[in-house]
Amino acid sequence: MMKKSKSFIIFLFLIASLGIMACQTEREQAAVKEVLFFTDEIEPVIEVEAEPFNLKQVRLLEGPFKEAMERDARYLKGLEPDRLLHNFRVNAGLPSAAEPLGGWEKPDVELRGHTVGHFLSACALMYASTGDEELKTKADRIVVELAKCQNALGPSGYLSAFPEEFIDRVEARERVWAPYYTLHKILAGLLDMYIHCGNGQALDVAGKMAACVKMRSDRLDQEHMQRMLDKTEQGGMNDVLSNLYAATGKTEYFELARRFDQKSYTEPLANYRDELKGLHVNSFIPNMIGTAREFELTGDPVLHRIATFFWDQVIRARSYATGGTSNDEAWRTEPYKMASELGPYSHESCCTYNMLKLTRHLFSWSADCRYADYYERALINGILPTQNPEDGMMMYYVPMASGLFKTFMTPRNSFWCCTGTGIENHAKYGDSIYFHHDDSLYVNLFLASELTWGEKGVRIRQETKFPEHEKTSLFLNVNRPVELALYIRIPYWVGKQGYVEINGLKLETYSSPGSFLRLERKWKNGDRIDVYLPMKLHLHPMPDDPNLAAIMYGPLVLAGQLGAVELPREEVYGKYGPTADPAAVPYLSPPSDELDSWIKPVDGEPLTFRTEGAGNPEDVILVPFYKLFGQRYAIYWEFRQDSE
Ligand SMILES: [Zn+2]
């Protein structure tokens with residue numbers, strides 16, 4: 001795993017060639033490569049099994065994901081730069097007449113400024129995903145203004161929307177809300193502007209900020225640094241500083257990144273001990289992403305073990321059917337104790353955003369199908385359902401308690417953690433559909449899209465109405481016949497009658513659920529592959545209570561419709577989660593263990609089911625969670641027989 005391979009270096013050279021083809025400026029050439037883990041500045045020390053494609057190489061085609069992306073773009077275009085910048089300007093002593101934004105961007109909220117970082121990331125991702133110049137230009141201008149604020153704040157490189165005194169407080173262990181969490185978001189936004197938009201000024205501003213962080217960190221001994229990080233929401237300082245190192249080759253950034261590793265948290269994980277109880281979830285996962293990134297840059301097997309064991313524990317022992325995790329911001333129980341964790345504030349959506357990022361790294365190292373299976377489940381049940389198709393507003397908590405309903409942000413007064421990750425979520429659906437390695441191409445997600453793999457002279461168009469249709473079709477457009485191994489994900493949930501056709505001819509072979517089907521041949525222009533992915537009903541029980549389970553159809557969490565939400569708008573908008581009482585929820589007494597015998601499809605309504613003779617006091621209609629809006633719902637059902 002740690003040896004340098006010649007083919008890998010040649011492979012990187014090919015990526016470099018691709019960058020030159022795809023981009024206009026020298027800065028862009030450098031930036032494009034960084035997103036693929038390494039740059040010319042540093043030598044790779046691990047071999048990966050599957051490289052992600054650059055977001056610029058993938059375009060979404062019509063479907064629910066593209067629609068969500070377009071709603072997100074409209075929201076981003078509507079946000080006023082002067083309002084976003086207000087607190088930065090005030091903090092730097094520069095004039096600002098703008099009306100401050102609300103939520104955690106209010107001028108007296110200590111976390112102010114985090115949204116600007118997310119906004120830069122979202123615009124950069126959206127530009128990479130769509131080529132939309134309007135958002136790039138808007139974000140470029142914000143970088144110019146941030147640079148002015150940084151200059152006005154003095155020579156140290158400090159840049160934020162709050163005074164530097166907040167950092168004094170965190171160093172002194174005095175009460176303050178998470179200044180490093182916010183600095184991480186701003187640094188990440190600037191770096192995304194460099195990576196995806198070739199904005200060199202953004203890299204300069206980020207470098208100066210990092211110099212300031214280094215100056216402060218250098219004054220603290222290791223023990224003090226660890227004390228400062230203990231129970232502090234620092235987010236992914238180790239991640240963003242590692243990325244800054246990868247982008248520049250400056251080892252001081254990487255040394256600084258390592259100082260933000262929290263030893264008291266990582267040592268148990270390195271020894272296969274889950275001591276996650278009590279930790280703050282949405283700031284801890286980014287630190288694990290940083291650990292994954294540090295593994296990529298060092299090859300240290302301990303870091304590999306920490307990141308993979310952590311992932312396993314969160315997915316196996318601490319997640320809901322939706323792929324979400326956390327309850328009221330934290331992990332509150334010992335592992336595998338989830339039945340008590342169904343509340344109005346369970347499954348915080350920014351945690352899913354971060355788990356997907358971590359999963360992307362882990363899939364790259366191993367090309368293990370279970371990472372891709374999780375990615376799909378969390379994307380379709382934990383990300384897509386969190387944006388309201390009516391108005392593009394997004395969710396904070398995703399209530400797992402039955403009888404509740406979805407609540408949403410408001411356009412200008414709800415700038416929370418999940419609002420920030422939310423605007424990024426819907427800008428990067430193209431991110432993990434396809435991966436590649438040497439002459440191999442991985443198709444991980446069944447999502448209507450077109451991939452341009454210029455280096456191979458290959459274009460692949462994936463046409464699908466998945467999940468409404470239980471199949472996907474791949475059309476190859478190649479300059480000349482090309483030897484390629486296509487790896488098609490055969491998901492863990494697939495039913496027995498799955499098969500594949502190449503140019504209309506059914507193949508003898510398929511693959512076991514939860515693995516990749518390898519199709520290797522010399523592909524010709526116009527070749528077509530149809531993949532049939534029959535779904536089946538299955539249960540996703542709680543690990544500590546087999547009588548408490550979610551109902552799934554293929555990768556889809558089905559939610560029971562419990563009646564339209566008859567609540568004032570104030571109950572639904574501007575709330576982290578619902579505060580109204582839950583409605584009464586039927587329990588299920590199935591007449592048979594065969595789910596098909598009592599969960600029946602509703603004619604003419606795709607992916608809609610009705611229980612028959614199982615609901616008490618009445619049966620329920622089940623629809624995919626991503627389609628359920630304006631209703632109270634239940635995801636987890638109590639299963640019991642009347643005699644019990
Ligand atoms: Zn959040």
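First listed ligand is number 1; within each ligand, the first listed atom is number 1. Computed from a prediction, not measured in an experiment: that's the story for all the values here. Hydrogens, waters and symmetry mates are skipped; everything else that's a heavy atom, side chains included, is used.
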> What is the ring orientation for Phe284 with Tyr265, classed by angle as parallel under 30°, tilted 30 to 60°, or perpendicular over 60°?
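Correct class here is perpendicular.
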> Distance under 6.0 Å and angle within 45° of the ring axis: does Arg360 meet both against Phe363?
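Cation-pi check for Arg360 and Phe363: fails.
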> For the Zn ion (ligand 1), check which protein N, O or S atoms are under 2.8 Å away and list them.
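The answer is Glu348 OE2, Cys350 SG, Cys417 SG, Cys418 SG.
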> Any idea how Phe65 and Tyr429 line up, ring-wise: parallel (<30°), tilted (30 to 60°), or perpendicular (>60°)?
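Answer is perpendicular, since the angle exceeds 60°.
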> Checking Thr308 now: which residues fulfil side-chain contact (heavy atoms from CB on, under 4.5 Å) with it, not counting sequence neighbours?
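With neighbours one apart ignored, the set is His304, Leu362, Trp365, Tyr371.
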> So Tyr576 and Trp104, would you call those rings parallel, tilted or perpendicular, with 30° and 60° as cut-offs?
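It falls in the perpendicular class, over 60°.
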> Between Lys136 and Asp140, is there a salt bridge with N-O shorter than 4.0 Å?
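Lys136 and Asp140: salt-bridged.
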